There are 2 protein chains.
Amino acid sequence: MKMNKRKWKIIDAAHRLFIEKGFHATSIQDILDEAEISKGTFYNYFTSKNECLLAIIEYVEAEGYQKRIELAIGKDQQDEEVFIKQLAVRLNMNKKYNMLALFNHVMQLDDKEIRKYMDKQYRAELNWVSKRIADVYTPGKNDYSLDHAVMLLGMVHHFLHVWKMGMEEEVEPEKVIRFILKRMKSMMNDQMKSGEKFFSEELFSFELSGEGRAQRLLDSFIKKIDYITKKADSEQLDYLHFLQKEITSESPRKFIIESMMLSLKHVFKDTELEYEISQVVQLAEKYIKCQEGEEV
Amino acid sequence: MKMNKRKWKIIDAAHRLFIEKGFHATSIQDILDEAEISKGTFYNYFTSKNECLLAIIEYVEAEGYQKRIELAIGKDQQDEEVFIKQLAVRLNMNKKYNMLALFNHVMQLDDKEIRKYMDKQYRAELNWVSKRIADVYTPGKNDYSLDHAVMLLGMVHHFLHVWKMGMEEEVEPEKVIRFILKRMKSMMNDQMKSGEKFFSEELFSFELSGEGRAQRLLDSFIKKIDYITKKADSEQLDYLHFLQKEITSESPRKFIIESMMLSLKHVFKDTELEYEISQVVQLAEKYIKCQEGEEV
DNA sequence: AGTATTTTATACCGATAGTATATTTTTTGC
DNA sequence: GCAAAAAATATACTATCGGTATAAAATACT
């Protein structure tokens with residue numbers, strides 16, 4: 001993950017300072033000193049301090065997303081060990097990058113954009129956990145999986161919080177996850193016997209399918225592509241234009257897009273735009289899945 | 001709850017603004033305009049914006065504390081209905097005063113004092129829930145009750161969050177609590193059979209007993225009394241001094257202190273200091289319990 | 001009525017986020 | 001290798017905010 005050298009330097013410095021001193025206690029000047037850059041440079045890469053914070057969070061999210069995909073490669077969908085490791089990924093990222101401290105700062109921001117982003121992220125996580133619970137524990141059915149996902153995340157988060165608050169030992173997310181999953185098994189059986197359901201699984205389904213989501217994904221995609229095309233060279237531009245044309249066509253062909261994404265990753269490998277490309281690829285993947293869901 | 005008229009006006013205005021615009025987006029000037037007071041007056045009652053926020057939170061907490069005590073009067077310790085209603089109290093308060101929004105703002109504060117206060121509050125809630133779970137579901141034993149308390153709070157909080165995020169209907173904490181408690185029963189049975197325990201019940205016990213807690217309670221108590229004595233009349237002063245003398249004596253007599261507290265509540269009824277007195281009474285009650293625990 | 005306290009109005013300080021710009025440095029294209 | 005273009009720097013500036021200080025006016029107390 002190369003990104004722009006200076007941009008990375010800023011993000012890295014800001015990240016350290018935000019965790020060490022807190023978001024509000026860190027002034028722009030602090031960041032400039034720590035990153036050894038000038039004010040102009042900072043505002044060349046970010047339009048505000050908030051956007052800088054958001055960039056940090058986005059980076060960590062993206063890294064976690066990739067790791068989860070890697071963990072699933074070649075493995076059975078029902079494999080509980082994979083699920084545990086995948087769950088742990090995000091929590092470990094939080095630990096590694098001390099994100100909890102940052103999230104708390106984010107939460108307080110009055111910035112609507114960031115709030116919306118965080119909400120969206122939580123919804124996505126819920127949907128993912130929900131789907132994976134159904135995969136592993138109740139294949140073929142997902143009647144209760146939203147309930148279970150909320151329970152799982154709620155318990156795990158609070159367990160980690162209490163652990164951090166009360167014990168000296170370093171937090172071990174996997175240990176917590178294993179313990180909670182054991183508890184959940186008896187609970188899931190019992191609930192299915194009783195037939196009680198709290199949240200209907202369609203609650204957030206508009207996030208998983210539907211025109212709204214597809215349109216939003218497409219918007220983000222086009223926006224990102226626009227940004228990248230400004231900085232890409234001619235060879236790269238060919239790929240980008242072709243991809244853009246295919247994905248916005250009447251009936252985009254999945255195999256072509258998947259091929260293009262592989263090529264894109266390759267062409268942008270070790271360039272400053274590598275990070276941006278990984279985001280575009282994610283968007284395209286999600287868009288395809290979304291469209292597939294509609295056609296079924 | 002009368003409090004000082006102007007102080008109340010400020011707290012009320014600030015509360016509305018914090019929820020509406022967010023803590024950081026609300027300037028002192030906004031509060032002054034909304035409450036129709038001058039800057040001098042504001043800083044006469046609060047030393048900072050943070051302290052003003054803390055006052056709002058403290059007020060809500062105190063109200064919840066009182067309501068929980070009232071709910072328990074004359075009822076059986078094992079009564080599940082009482083427990084449910086008591087749990088709902090705090091969540092309803094959060095809803096009523098829109099505290100979740102505030103908590104998020106608080107979380108971001110770099111102010112160490114407020115963070116410490118919020119942490120303490122969470123610990124206290126955990127201890128309370130833990131004790132009550134043992135009361136109701138496993139009388140005489142509390143081996144697993146800390147685990148269970150963390151699970152319960154974790155699930156309930158996330159359920160409420162998801163409900164708020166995803167549905168139009170107004171949130172009903174009691175409904176959530178009942179659903180979660182049902183789920184927990186099968187889980188608790190299962191866990192006790194397996195014998196697995198995550199957190200030891202002594203994790204936060206230093207909060208429930210020990211010299212440290214007693215000393216801290218006493219400190220807070222004396223500080224509050226000092227503050228009140230400055231504004232009390234001579235009759236009230238007699239009570240206060242007597243209480244202070246008794247509680248700091250070598251072996252404070254419980255029945256005397258309890259009697260004094262009843263008198264205090266009566267003497268300060270409908271005065272500006274009523275709110276402060278209720279806090280003192282709380283502190284005294286906790287201190288007595290703490291001392292009793294040591295003598296056993 | 002006269003004293004003490006509270007409230008107001010207002011000016012001020014230091015720090016901050018963000019803007020603007022002229023100058024220097026680095027990168028890029030040929 | 002050199003000139004044009006882009007990026008980075010240094011610096012000065014604006015507006016806002018939290019908080020302090022103080023003198024004058026309003027209110028409360030006895």
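All figures in this text were calculated on a predicted structure; none of them were measured in a lab. Atom set for the values below is all heavy atoms of this structure, side chains included, hydrogens, waters and symmetry mates excluded. Here is how names work: the chains are called A, B, and so on, in the same order as the sequence lines, proteins then strands, and each is numbered from 1.
A search for salt bridge (Lys or Arg N to Asp or Glu O under 4.0 Å) contacts involving A/Arg90 returns A/Glu61, A/Glu125, not counting sequence neighbours. Annotation: ring pair (Phe, Tyr, Trp, His ring centres under 6.0 Å) contacts of A/Tyr122 (sequence neighbours excluded): B/His158, B/His161. The ring pair (Phe, Tyr, Trp, His ring centres under 6.0 Å) check on B/Trp128 picks up nothing, with sequence neighbours excluded.
Separating the CZ atom of B/Phe46 from the P atom of D/dG18 is a distance of 15 Å, rounded to the nearest angstrom. Residue A/Asp30 contributes atom CG, which lies 14 Å from atom P of C/dG18 at whole-angstrom precision. One atom, NZ of A/Lys49, and another, P of C/dG18, lie 8 Å apart when rounded to the nearest Å. C/dT25 atom P lies 19 Å from atom CG of A/Asn44, rounded to whole Å. Computed from coordinates, the A/Phe42 CZ to C/dT19 P distance equals 11 Å when rounded to whole Å. In this structure, CD of B/Gln29 is placed 11 Å from C1' of D/dG18, rounded to the nearest angstrom. In this entry the distance linking NE2 of A/His24 with P of C/dA17 reads 9 Å, nearest Å. Remark: P of C/dT16 and OH of A/Tyr43 are 12 Å apart, rounded to the nearest angstrom.
Residue A/Ile28 has its side chain nearest to C/dA17 when only C/dA17, D/dG19, D/dC17 are considered.
For the residue pair B/Asp30 and B/Ser27, a side-chain donor N or O sits within less than 3.5 Å of a side-chain acceptor on the partner.
Side-chain N/O atoms of B/Tyr45 include none lying less than 4.0 angstrom from OP1 or OP2 on C/dT6.
Counting only residues at least two apart or on different chains, the salt bridge (charged side-chain N to carboxylate O under 4.0 Å, His left out) pairs with a member in residues 34-57 of chain B are B/Arg16-B/Glu34.
Using cut-offs of 30° and 60° on the angle between ring planes, the pair B/His24 and A/His24 is parallel.
Listed here is the closest heavy atom pair of B/Phe42 and B/Cys52: CZ-CB, 4.0 Å. Across B/Ala35 and B/Ile10, no two heavy atoms sit closer than the pair CB-CA, 4.1 Å.
Direction of the helix axis in the helix from C/dA1-D/dT30 to C/dC30-D/dG1 shifts by 30° between the two five-pair termini, rounded to 10°.
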Review item, nucleotides 9-12 of chain D N/O atoms under 3.5 Å of protein N/O:
{"unit_1": "D/dT9", "atom_1": "OP2", "unit_2": "A/Ser38", "atom_2": "N", "d": "3.0"}
{"unit_1": "D/dT9", "atom_1": "OP2", "unit_2": "A/Ser38", "atom_2": "OG", "d": "3.4"}
{"unit_1": "D/dT9", "atom_1": "OP2", "unit_2": "A/Thr41", "atom_2": "OG1", "d": "2.5"}

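The line from CE of A/Met165 to CG of A/Leu160 is 12.0 Å long, rounded to the nearest 0.5 Å.
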